[in-house]
Amino acid sequence: MARDYTYAEAAAKLRIAETTLRRWVSKGRIPCHRLGRKVRFTDEDLAAAYKPAAATARR
């Protein structure tokens, strides 16, 4: 069964600051799931944080 992570849990798992994770979400760098006002992340979402974004990928 897939696990959902809160901002704090996801940031700890990625070893980044929670504010950095919030910034990434607002810029669309990392996918997330919104449940009303709550934001949750899956393992697949967290794995996507390490894939190069299309705008930053070398040509």
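What's counted below: heavy atoms across the whole structure, side chains too, no hydrogens, waters or symmetry copies.
Between L14 and Y50, the shortest heavy-atom distance links the atoms O-OH, 3.3 Å. Of all the heavy atoms in A11 and L21, the pair that sits closest is N-CD2, 3.7 Å.
Summarising the geometry, atom OG1 belonging to T42 is positioned 9.0 Å from atom OH belonging to Y5; distances are rounded to the nearest 0.5 Å. Remark: I30 CD1 to R23 CZ distance equals 13.0 Å, nearest 0.5 Å.
A 4.5 Å side-chain heavy-atom check between V25 and R34 finds at least one atom pair inside the cut-off. Counting only heavy atoms from C-beta outward, the side chains of F41 and T6 never approach each other to under 4.5 Å. Residues R40 and L35 are in side-chain contact: their nearest non-hydrogen atoms beyond the backbone lie under 4.5 Å apart. In this structure the side chain of D45 reaches within 4.5 angstrom of the side chain of H33, judged on heavy atoms.
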Practice prompt. Before giving the answer on side-chain contact (heavy atoms from CB on, under 4.5 Å), spell out for E9 and D4 the whole-Å C-alpha distance, their side-chain angles and the decisive distance to 0.1 Å.
Written response: CA-CA 9 Å; E9 294 168 335; D4 290 337; over 6 Å; no

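Ion pairing between a basic and an acidic side chain is recognised when a charged N comes within 4.0 Å of a carboxylate O; R22 and E18 show such pairing.
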